[in-house]
Number of protein chains: 2
Amino acid sequence: MNITRKKRTRLYRDIVAQIRQLIQDGSLAPGDQLLPERQLAEKLGVSRSALREALTALDSMGMIDITPGGGAYIRKIGVESLIEPLAAIMLKEKESVYELLEARKIIEVQVAGLAALRASKTELYQIKEAATEMHNDVINNRDAGESDLNFHLAIARASQNGVLYNIMEMLSGLMREAYVPSRNELLRDPVHTQVWCQQNFQIYEAIKNKDPEAASRLIREHINTAEERLRLIDDGEAE
Amino acid sequence: MNITRKKRTRLYRDIVAQIRQLIQDGSLAPGDQLLPERQLAEKLGVSRSALREALTALDSMGMIDITPGGGAYIRKIGVESLIEPLAAIMLKEKESVYELLEARKIIEVQVAGLAALRASKTELYQIKEAATEMHNDVINNRDAGESDLNFHLAIARASQNGVLYNIMEMLSGLMREAYVPSRNELLRDPVHTQVWCQQNFQIYEAIKNKDPEAASRLIREHINTAEERLRLIDDGEAE
DNA sequence: TTATTATTTTGGTCAGACCAGAATAAACCA
DNA sequence: TGGTTTATTCTGGTCTGACCAAAATAATAA
C-alpha cells in the first residue's frame, strides 16, 4: 500500500489519488472508516502532516467525513458537494437567477417529456408522493419550497437519465443557494401555492398517461407563471 | 433532550472562507499573489500547519495555484475544476455516455434556438471562426474534436445565458473525460467529418438569419447522426 | 552589460508535542 | 446482574520548530 512518489507532484495529491482509487476499486465503500491518521500515515510511509493535507483535501471535496475524536469515514459522493463551488462560479450577479430559471425551464420541460415516456410504476408513485407531500405542506401552511423541489427531482429521476438528473439536482441546489428573498415571499402566498399544487397534480396525470406533450406543456406553464410572479415581486421591490 | 451535536469549527474552513471572502470582495483579484505562508499565518494568527491545510483545500478546489519556491496565486475559477469530480459522480457506467449525449442534445437544441435570437455580431463572428477552424482541422487531417467542441461552446456563449454556457462546458468536459474510443474513430472518418463541417456552416447560417427553428432542427440532426454513428461503431465492436 | 555564483525566500515534508472531545474500558453502586 | 458513573485510551485539531529542494533574488565576476 506504499505510495509511489512521482516527481514534482505534491505528496498530498498522490495520497488523494490513491484513496480515490481505493474507493473506485471498491476496497473502500461508503460508510467505511479509514485507519486513524497516525496508523495510515505510517502505512503509507508519509508523515502525519502530509497525510493530513490529503485528508483535508478529501474533506473539502466532500469525499470523506471527519469527526473529531471519532475518525474519518468514506462518504457517498453526490453533486451536493459541488454546488457551493458551482454557485461561486455561476451566480455572480443577481440577474443570474433568471438565467437559472431559464436553464431549469429548458431542461425540465424536456425532462418531463422523457419522464412521461419512461417512468416506471414506482417512479410514478414517488412523483405522486412528492406532489401529495407538497400539498400537505401547503395546507398546513409550512414552507413548501423543499417538497416542491423534491417533486421536480422525482420527475427528473423518472427520465431514466442520470446525467440530466444530476444537472437538475445542481440547478435545484443553486436555486437554494441563490439569495432570492422574493422566492420565499412567493412560497408564502397561499393562493399561488394552491394553484401550484393543482398544476403539480396535472403534471403527474400527464406523465401517468404517458402524454409527453402535455407534460412538457404543463411544466412550461408551471415555470413560466412562477417566473412571472417572481419578476413582479422583484420589480415591486425595486421601487 | 436536544441532541444537536455541536460541530467544532475546523480552523482551516474559517481560513478558506476568509480567503474566499477576500476574493469576492475584490481585495484579491485573479493573478494576485498572496503572502508567503509564514507571514500569512502570522497575520491570521494561526500556525503554518493550519494555514497550510487551508491552502491545500483551496488548491484542491482549483482556486489558487501554488508553485514551490514561487508562491501562491489566485486563479480565476472555472467549471473546469469541477469536471473531474463530476465525472466521478456521473460517469460510472459505459451507458452513461449515451445519457450524456441525450443531455447534450436536449440542452444544445434549445441553446441554439436562443443563440439564433440573441447572438451579437461578435458572437456570430466567433461561431463562424470556430466553424472555419474546424474545417481547417478536417482538411488538414488533424483531430477536429477540440475545434468541434469550441464551435458548440461558441453557440452556447451566444445564448447569453451563463448558466447554460457553464452546463455546456461541463458536458463537453465530461465528454472528453469519458473514455470513448469510438469517438476518436468517428472523428477520424474523413467522409463523416466533411459532412459534419457542412452541417456546422448550415447551423451558423441559421443563427445568423435569426431562425431559431432551423437552428434547433439542424443541431438536433447534427447530434442525432453523430449518435447513430457512435452506436453503430460500438455495436460493431461488441461482436 | 551579461553570465555565473551565493544567498535568501518559498513551499514541501517531517518529527514530536500538547489539547479537547469522543469512544471505550473500568469501577462502582443498586 | 444491570445500569450508571468514572477513569483511561484513542482520535482528530493545532502548534512549534526544524530541515530540504527548488525557485527567486542579490552579489559577484567576466
Side-chain angles (χ1 to χ4, degrees), chain A residues 1-20 22-23 28 30-75 81, chain B residues 1-20 22-23 28 30-75 81:
Chain A
M1 197 172 173
N2 272 350
I3 56 117
T4 53
R5 180 115 152 79
K6 288 175 287 183
K7 291 180 192 174
R8 294 280 167 69
T9 68
R10 243 59 92 237
L11 196 42
Y12 91 87
R13 286 192 178 278
D14 289 348
I15 303 175
V16 166
Q18 186 146 355
I19 293 182
R20 286 178 68 168
L22 288 178
I23 295 176
L28 283 178
D32 285 358
Q33 178 178 17
L34 1 71
L35 292 168
E37 292 181 355
R38 290 160 175 91
Q39 294 181 41
L40 190 52
E42 189 184 10
K43 194 164 188 177
L44 294 175
V46 300
S47 73
R48 183 149 91 106
S49 340
L51 170 66
R52 187 146 241 284
E53 291 185 358
L55 294 181
T56 301
L58 286 168
D59 180 52
S60 77
M61 287 190 237
M63 300 191 64
I64 65 176
D65 197 18
I66 306 179
T67 61
Y73 295 81
I74 306 289
R75 198 163 72 178
S81 56
Chain B
M1 195 79 69
N2 209 339
I3 45 175
T4 57
R5 77 187 186 84
K6 58 176 178 182
K7 213 173 190 178
R8 221 170 56 177
T9 73
R10 272 159 278 252
L11 198 43
Y12 91 87
R13 287 194 177 279
D14 288 349
I15 302 175
V16 165
Q18 205 159 338
I19 293 181
R20 286 177 68 168
L22 288 178
I23 295 177
L28 283 178
D32 284 358
Q33 179 178 15
L34 357 68
L35 292 168
E37 291 181 356
R38 291 160 175 91
Q39 293 181 41
L40 190 51
E42 188 183 7
K43 190 167 187 175
L44 294 175
V46 301
S47 74
R48 184 148 90 106
S49 354
L51 170 66
R52 187 145 241 283
E53 291 184 358
L55 295 180
T56 301
L58 287 167
D59 180 51
S60 78
M61 286 189 237
M63 298 191 65
I64 65 175
D65 197 19
I66 306 179
T67 61
Y73 296 80
I74 307 290
R75 198 162 74 177
S81 57

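Side chains are part of it too, since the values below use all heavy atoms of this structure and drop only hydrogens, waters and symmetry mates.
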Side-chain heavy atoms of A:Arg48 within contact of A:Arg38, under 4.5 Å:
yes
Taken to the nearest whole Å, CG/A:Leu44 to C1'/C:dT13 is 15 Å
dist B:Ile74:CD1 -> B:Leu34:CG (nearest 0.5 Å) comes out at 4.5 Å
Nearest heavy-atom approach of A:Tyr12 to B:Ser60 is OH-N, 3.6 Å
Using side-chain heavy atoms (C-beta onward) and a distance below 4.5 Å, is A:Asp59 in contact with B:Arg13? yes
| Distance-only donor-acceptor test, B:Arg48 side-chain atoms vs D:dG17 base atoms, 3.5 Å | no
Taken to the nearest whole Å, CD/B:Gln33 to C1'/D:dT25 is 13 Å
Within-4.5 Å side-chain heavy-atom neighbours: B:Ser49 and A:Ser49:
no
Whole-Å distance, A:Arg10 CZ to C:dG12 P, equals 5 Å
Which of C:dG12, D:dT14, D:dG12 is nearest the side chain of B:Ser47? It is D:dT14
Note: contacts of residues 51-63 of chain A with DNA chain D (heavy atom, under 4.0 Å) are A:Arg52
Here the distance between atom P of C:dT10 and atom CD of B:Glu42, to the nearest Å, is 13 Å
* To do: Measure the shortest side-chain to side-chain distance between B:Thr56 and A:Arg10 over non-hydrogen atoms and say whether it is less than 4.5 angstrom.
  => no
Whole-Å distance, A:Leu11 CG to D:dC20 C1', equals 14 Å
Here the distance between atom P of D:dT14 and atom CZ of B:Arg13, to the nearest Å, is 11 Å
Taking for B:Leu35 and for B:Ser49 the nucleotide of DNA chain C with the nearest heavy atom, the one nearer the 5' end belongs to B:Leu35
- Ignoring hydrogens and angles, answer whether the base of C:dG11 and the side-chain atoms of B:Arg38 contain a donor-acceptor pair closer than 3.5 Å. yes
To the nearest angstrom, the OH-P distance between A:Tyr73 and C:dA23 comes to 7 Å
A:Glu37 CD to D:dT14 P, in whole Å, measures 11 Å
On a heavy-atom basis, the closest approach of B:Ala72 and B:Ile64 is CB-CD1, 4.5 Å
